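In what follows, chains carry the letters A, B, and so on, assigned in the order in which the sequence lines appear, proteins first and then strands, with residues in each chain numbered from 1. Model, not experiment: these values are computed from the prediction.
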Amino acid sequence: MPIRRCSIGKRSTNPVIFAALLNELMPIHFKQYDELDLPKVADEVLKQWEVEDTFGQSLELRKDAPPFVFYEGPPSANGLPGIHHVMARAIKDIFCRYQTQKGNLVHRKAGWDTHGLPIELGVEKELGITKEDIGTKISIEDYNAACKKAVMRYTDVWNDMTRRIGFWLDLEHPYVTYQTKYIESVWWLLKQLYDKDLLYKGYTIQPYSPAAGTGLSSHELNQPGTYKNVKDTSAVAMFKVKEENASEFLFKDAFGEVFILAWTTTPWTLPSNTALTVGPKLEYVRVKTFNPYTHEPQTVVLAKARLNAYFRSDVEEPMHAIASSVLLGVPQKDAFENYDKNGKLIPWQVLDGEFYGHQLEGITYEQLLPYAQPEQGEAFKVIGGDFVTTEDGTGVVHTAPSFGADDMRVARQHNIGTLTLVDLQGRFTKDMGEFAGKYVKNEYYPEGTAPDKSVDVEISIKLKEMGRAFKVEKYEHNYPHCWRTDKPILYYPLDSWFVRTTAKKDRLIALNKTINWKPESTGTGRFGNWLENLQDWNLSRSRYWGVPLPIWRTKDRDEELCIGSLKQLKEEIAKSVKAGVMKEDPYASFKVDDMSDANYDTVDLHRPFADNIVLVSPGGKPMKRETDLIDVWFDSGSMPYAQLHYPFENEDGLKEKFPADFIAEGVDQTRGWFYTLHAISTLVFDQVAYKAVVSNGLVLDKNGQKMSKRLGNAVDPFKTLDEFGADAVRWYMISNASPWDNLKFDAEGIKEVQRKFFRALFNTYNFFALYANIDKPELGVDVSAARTESDRWILSRLNSLIKLADTNYTEYEPTIAARAIQDFVVEDLSNWYVRLNRRRFWKGEQGNDKNAAFQTLHRCLEVVAMLSAPIAPFFSDRLYRDLAEKSVHLSNWPKHDDALIDTELEERTKLAQSLTTLVLSIRKKEGHRVRQPLQKMMVPVTDAIMRKRLEAIQELVLGEVNVKELVILDANESKLTKKIKPDFKKLGARMGKLMKTVAAAVNAFDQAQIAELEANGTMKLTLDGQEVELLREDVDITAEAIPGLSVASDGPITVALDITLTEPLIEEGLARELVSRIQTLRKETGLEVTDRINLHIQRNGNERFERAVQGHAKHILAETLALTPENELLVTDLPNISPGRHALELDESLSCAVYITPNGR
RNA sequence: AGUCCUGUAGCUCAGUUGGUUAGAGCGCUACACUGAUAAUGUAGAGGUCCGCAGUUCAAAUCUGCGCAGGACUACCA
């Protein structure tokens, strides 16, 4: 364990004081590790967190800091967590941790969503019952108790996963939606809506199963197998237009009576028709023809685009005799005059004058089947609706508002009345004359009792006889069926309670525009468009396990009461008991102002308890609760308030905890939780519920398929965590794709992250620790004057990185931050800085150069730990503790220092890296290994900036590529050939259409022309008869080659390498080769890095070799940490002791013998 | 059916306000390196930038129409 020498002081920005303090903070021994084991690190750090309560400490540390508000969307604990939850939870954790490091107080309360249909279905499956059994085989009370028990089944598993992925969340004090306090807050919210007249009872068209006698949710309708292809009788009915002012134009030159055609696949809805809907922008025509069944002359109206569907036009005289497709036939002349009433060939003719749908609006027609009249509103009128298409049918929609959602909507807009001539059992009502009592679908009859002809068929026959059928045929379509009874559903008007969200539509839209959506398109697109087409929120659910609607009503519906608190409920119960309506108060044990959990535990507001309460109205009549439950989405949308038991407790607390600064969930919550949060806060508080929201995408398998148990491609989160550790999994998920893009999960990717990022970081730290422990550098002294070019460079990179990471974490772009951190660690720090500066860490004297190196690397590692802490909380904590002796999660986010960012320095280092690459490439091509020194490299320059940069990086590059000198050539004076390239961007803007010709001309320039342009700065060209002026700035001129030398180039940079080997160079190369072999030997013989040795080399008669050893003896001895006197290095006879004697092969033709022993301490 | 997202190398992804020869990592092949070494370097193979049409001197990038995958919502005459 590191030994701390003094307690942590407040940091100062003054470099001298800072340095002094740093020295105090610095451990004097750094822990070293043998191998990187991320799962083990995670385990150990997790235990440390639990022992120290690091999460609690992090909150305590920020207790007076400005709050950053986060809301946890409650998962349902009745299912097991999957790998996608790891993703979702990691994203939440990242920003909470980041904001904590930034100095904010971030509370994170866990939550559980406990109500809802999936839970009910699960329990029913388990108990082997159906909804019908509730109240008979099982009491509501027992049923709900079973639900309550089932719903928290997997909380332990969830909590375990949450801990293991490192998500800091207050799991000890979650909000739970079934708790009485929670429900009380929900009731309070409902009452706010009620008091604002935003809660009302209305009816809507909902999927309804007459066989089961229940409405169905869209969830139920989406069960597999509910939609089936069925053949139904469809009819095109004819609606007779009344002749009046509005319809006058239809009667001009009319043939017989005038009808509007409308198609339906459900003829049983025709008696309930009250309107016809046309597309206002669609074109319609009149067609003169005969009725195919009665053969009476008639004029029919339909959409022009639908003509071909009903009238054949494959004939020679289209204006006369064309057969209707109703009855196939061939054309004949003089068709109208000669029409044979019994014939199958029906002539038709489009009458002059097309017209638009809106011209039809307002026209009235005779009721088709006058069994009953609507009680309210207008009827039998043509209206306009946007939803009308010309894909099938006639372009006119038969509108029966009771049996279609679109129909109802458009009817309401136009104040059209309704007819509901079908009862809840699916039978025609008594108003339906000869049809009364018949089921509208044959499937509804008890088995074996269905008639031969369905009512669809009977009605169609009747229409034919009446002369009101234009076409009757079987039609195959996809129709939803009840998943329980397997019988077709009806769309039927049902009573429901609604939240009048449409009344606040403008506010919902306006407030949404202030929310920071990630990605933006979800907010403007999916969510924005949804708000534009907002419907009132249907709150009612006819179920058992959920929050009961707190509305009591008298039987005559004249009086009703909405309850907004337990206090109010108790008062009303008291009145009721007093009036003798109830015998006693079932919640008698509840004390009104006692906020203790124990007190609240005495009350259960679920069914059947709430149902048993009968209140008394001001008029003295009994009031019963509306039996509906509310949509569970209202539960979770209430969490900002209900988690605080607002307003009964924490009335002030809400100010600090609302709205949220940040929430995150899957994109599938757009119309779920994201919407309900937004709707409730807008309607009740006229505020947003969250300022920023990240909607993350799905986690797919590696082939891009959705994960599912059925396909067996679901990834077990626990196994994954066991294998790779949370850090690698989180880092992989975040760095691989933006949170909102779908992630193709592939364990190979995690391995890569482990190998590249974590190993590089781990090795860099271990390198640091190894030499820091050996050399005990002074980490406290001020080394600003001693910093080398590469120190300043890596610090510049580091500060750029801090800035970039900060910006991107702030803007909820963790992927960009992660990739930048990773690149910094792998490329800049490990592969460049450490590689270049290795020797500074383990060679030479103590001093400020060495101190500067250690301090620089220490700072880089420490900052990397801080920057990566939000994403990789375990490993970064271990790293930071090893460097600075406290948890990174209690650290303050590093501030970047603009003064340390030197873009010119970064540029020229980039140049150095390019030059290095180029030289290595030439060496490779020419077959000269890096250990062989070369005399010189040449770089042509075309401007002063480049020259200055080269001079600055000269030492660095020469050392890296093992070359003695760098010669900078003036491109203008040397014998270089040059290359010219047009700058398309600059030139294109000026040249326009001539661009291609100019580019071709420039590319064809010879050396003389290039020189001319460089000398004059301008040049006139005549192309295609036009004179254009070419400027020096319009082209890039680069040196291309140096005759006689080996050259490589990359973009504008060209390097030439002199590969002549002189005798001294060869000898130096040999010496280096020897050093390398001896180093390997040291390692192989198990010597420690710091061990000093005795070294002797045996003469082998090769003069060149012996000269090399003698000439470079000092170098050889120093590099290998040998204490042998210089003049004893090369010997004729080696000591004859076998363990120290080794043969070395330097190349194919050269070998030697050496003697190594440890130098006794 | 509507709304939205995605489509670039075998895989995962970058690609600035349209600009030359479209990049990186992994994987593959060959060679080198070896006191940070399950690392690293150099070279190579690998692309109809989903398709078609349009705008433009110039399109992976802008526009339109499609195709494929996905999400959500709806399901209608």
Side-chain angles (χ1 to χ4, degrees), chain A residues 35-36 207 218 221 227 234 262-266 269 276-277 387-389 391-400 404-407 477-480 491 519 521-522 524-530 532-533 666-672 697-698 700 702 704-706 735-737 740-744 746 748-749 751-752 755-756 759-760 762-768 770-771 815 819 822-823 826 830-831 834-835 838 841-842 916-917 920-925 929-931 981-989 991-999 1003 1036 1076 1079-1080 1082-1083 1087-1089:
Chain A
E35 52 168 8
L36 175 62
S218 57
L221 225 50
Y227 281 85
S234 75
W263 178 58
T264 178
T265 55
T266 50
T269 61
L276 293 172
T277 308
F387 61 91
V388 180
T389 68
E391 274 163 30
D392 44 23
T394 63
V396 180
V397 177
H398 142 63
T399 303
D406 279 339
D407 301 38
H477 62 156
N478 222 359
Y479 198 85
Y491 287 89
S521 61
T522 303
T524 53
R526 185 184 288 191
F527 194 62
N529 290 339
W530 154 266
E532 294 289 342
N533 296 312
V667 68
D668 56 343
Q669 293 299 333
T670 306
R671 277 123 170 194
L698 302 177
L700 309 169
K702 63 180 178 182
Q705 295 298 306
K706 215 175 158 175
S735 65
N736 190 30
W740 35 90
D741 289 334
N742 290 345
L743 172 70
K744 288 181 195 161
D746 187 353
E748 288 302 312
K751 283 185 197 158
E752 189 181 328
R755 219 171 43 224
K756 289 204 74 102
R759 193 170 297 281
F762 171 81
N763 284 337
T764 305
Y765 167 76
N766 250 5
F767 171 81
F768 171 85
L770 175 64
Y771 292 110
T815 305
R819 287 175 182 170
Q822 182 168 322
D823 283 348
V826 176
S830 173
N831 280 349
V834 174
R835 187 159 56 88
R838 270 204 301 256
F841 290 90
W842 62 279
T916 305
T917 299
L920 292 177
S921 169
I922 298 171
R923 277 183 168 277
K924 168 85 184 163
K925 195 167 61 187
R929 48 183 48 174
V930 181
R931 272 199 294 277
K981 245 170 49 181
D983 183 331
F984 275 67
K985 207 167 178 175
K986 282 185 190 137
L987 211 49
M991 299 299 168
K993 294 200 179 197
L994 273 173
M995 185 63 211
K996 264 186 189 149
T997 354
V998 175
N1003 283 329
D1036 288 329
S1076 163
Q1079 300 289 35
T1080 309
R1082 281 184 57 117
K1083 198 178 175 187
L1087 289 165
E1088 289 300 314
V1089 177

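- Pair assignment for B:C75 gives none, since no Watson-Crick or G-U wobble pairing has each distance under 3.5 Å.
- Going from atom CG of A:D741 over to atom P of B:C5 covers 11 Å, rounded to whole Å.
- No contact: A:A400 has no heavy atom under 4.0 Å from any strand.
- At whole-Å resolution of the value, CG in A:D983 and P in B:U20 are 10 Å apart.
- Between the OH atom of A:Y765 and the C1' atom of B:U37 there is a distance of 19 Å, rounded to whole Å.
- As judged by a 4.0 angstrom heavy-atom cut-off over every strand, A:T522 is placed among residues making no nucleic acid contact.
- Within the shown strands, nothing qualifies as a pairing partner of B:U16 under the Watson-Crick or G-U definition with both distances less than 3.5 Å.
- With both ends at atom P, the span from B:G70 to B:U16 equals 28 Å, rounded to whole Å.
- Once rounded to the nearest 0.5 Å, the distance linking CZ of A:R759 with CG of A:N766 reads 11.0 Å.
- Dashed line: the shortest gap from a side-chain N or O of A:R755 to OP1 or OP2 of B:C26 is not under 4.0 Å.
- What separates CG of A:D407 from P of B:C76 is a distance of 10 Å, to the nearest Å.
- Shown here, B:G25 forms a base pair with B:C11; the pair counts as Watson-Crick or G-U wobble because both key distances fall under 3.5 Å.
- Nucleotide B:U40: paired with B:A32 (Watson-Crick or G-U wobble, both distances less than 3.5 Å).
- Between A:Y771 and A:G404, the residue anchored closer to the 5' end of RNA chain B is A:Y771, taking for each the nucleotide with the nearest heavy atom.
- Using C1' as the reference atom, B:A14 and B:G2 are 33 Å apart when rounded to the nearest Å.
- In this structure, A:N529 atom CG and B:A71 atom C1' are separated by 15 Å, rounded to whole Å.
- Taking atom C1' in both B:G7 and B:U48, the straight-line distance is 14 Å, to the nearest Å.
- At the heavy-atom level, A:T524 lies nowhere under 4.0 Å from the strands shown.
- Within the 4.0 angstrom heavy-atom criterion, no nucleotide atom of any strand lies near A:L700.
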Legend entry - Under 4.0 Å protein heavy-atom contact, by nucleotide of nucleotides 40-46 of chain B - B base, S sugar-phosphate only: SSBS---
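- Checked against side chain to side chain contact (heavy atoms under 4.5 Å, CB included), A:K924 has no partners two or more places apart in sequence or in another chain.
- If you take NZ on A:K751 and CG on A:D746, they are separated by 9.0 Å, rounding to the nearest 0.5 Å.
- When the C1' atom is compared between B:C76 and B:C13, the two are found 42 Å apart, to the nearest whole Å.
- When Watson-Crick and G-U wobble pairs are counted only if both distances are under 3.5 Å, B:C4 pairs with B:G70.
- Nucleotides B:G23 and B:C62, compared at atom C1', are 22 Å apart to the nearest Å.
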I'd like a table of atom pairs between the protein and nucleotides 56-63 of chain B - only N or O on both sides, under 3.5 Å - with the distance next to each one.
from, atom 1, to, atom 2, distance (Å)
B:C57, O4', A:G992, O, 3.4
B:C57, N1, A:G992, O, 3.1

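- Here the separation of B:G10 from B:A45, taken at their P atoms, is 15 Å to the nearest Å.
- Projected onto RNA chain B by closest heavy-atom contact, A:G395 and A:E35 fall at different nucleotides, the more 5' of which corresponds to A:E35.
- Checking B:A38, B:U73, B:C26 against every side-chain atom of A:R759, the shortest atom distance belongs to B:A38.
- At a threshold of 4.0 angstrom between heavy atoms, the contacts of A:P519 with the nucleic acid are absent.
- Atom-to-atom distance recorded for A:L770:CG and A:N763:CG is 11.5 Å, nearest 0.5 angstrom.
- Applying side-chain contact (heavy atoms from CB on, under 4.5 Å) to A:T399 and the options A:L276, A:T269, A:D407 leaves one that passes, A:D407.
- The distance between atom CZ of A:F527 and atom C1' of B:U73, rounded to the nearest whole Å, is 13 Å.
- Contacts of A:E752 with the nucleic acid, taken as non-hydrogen atoms under 4.0 Å apart, involve only primed sugar atoms and P, OP1 or OP2.
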Inset, instruction - Give the C-alpha distance, both sets of side-chain angles, the deciding distance and a yes or no for side chain to side chain contact (heavy atoms under 4.5 Å, CB included) between A:E752 and A:R755. - result: CA-CA 5 Å; A:E752 189 181 328; A:R755 219 171 43 224; 4.2 Å; yes
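- Remark: A:L700 CG to A:L743 CG distance equals 7.5 Å, nearest 0.5 Å.
- The distance between atom CZ of A:R819 and atom P of B:C26, rounded to the nearest whole Å, is 15 Å.
- Spacing of C1' atoms, B:A1 relative to B:U63, comes out at 25 Å, to the nearest Å.
- Not one side-chain nitrogen or oxygen of A:Y491 sits closer than 4.0 Å to the OP1 or OP2 atom of B:C75.
- Regarding A:K751, its NZ atom lies at a distance of 19 Å from the P atom of B:C11, rounded to whole Å.
- When heavy atoms are screened at a 4.0 angstrom cut-off, A:S521 is found touching the sugar-phosphate backbone but no base atom.
- The aromatic rings of A:F767 and A:Y771 sit perpendicular, their planes meeting at an angle over 60°, well past the 30° parallel limit.
- Between the C1' atoms of B:U42 and B:G51, the separation comes to 39 Å (whole Å).
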Inset, instruction - Could you give me the CA-CA distance, side-chain angles and deciding distance for A:T522 and A:W740, then say whether side chain to side chain contact (heavy atoms under 4.5 Å, CB included) is met? - result: CA-CA 9 Å; A:T522 303; A:W740 35 90; over 6 Å; no
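- Rounding to the nearest 0.5 angstrom, the gap separating the CG atom in A:D741 from the CG atom in A:L698 is 11.0 Å.
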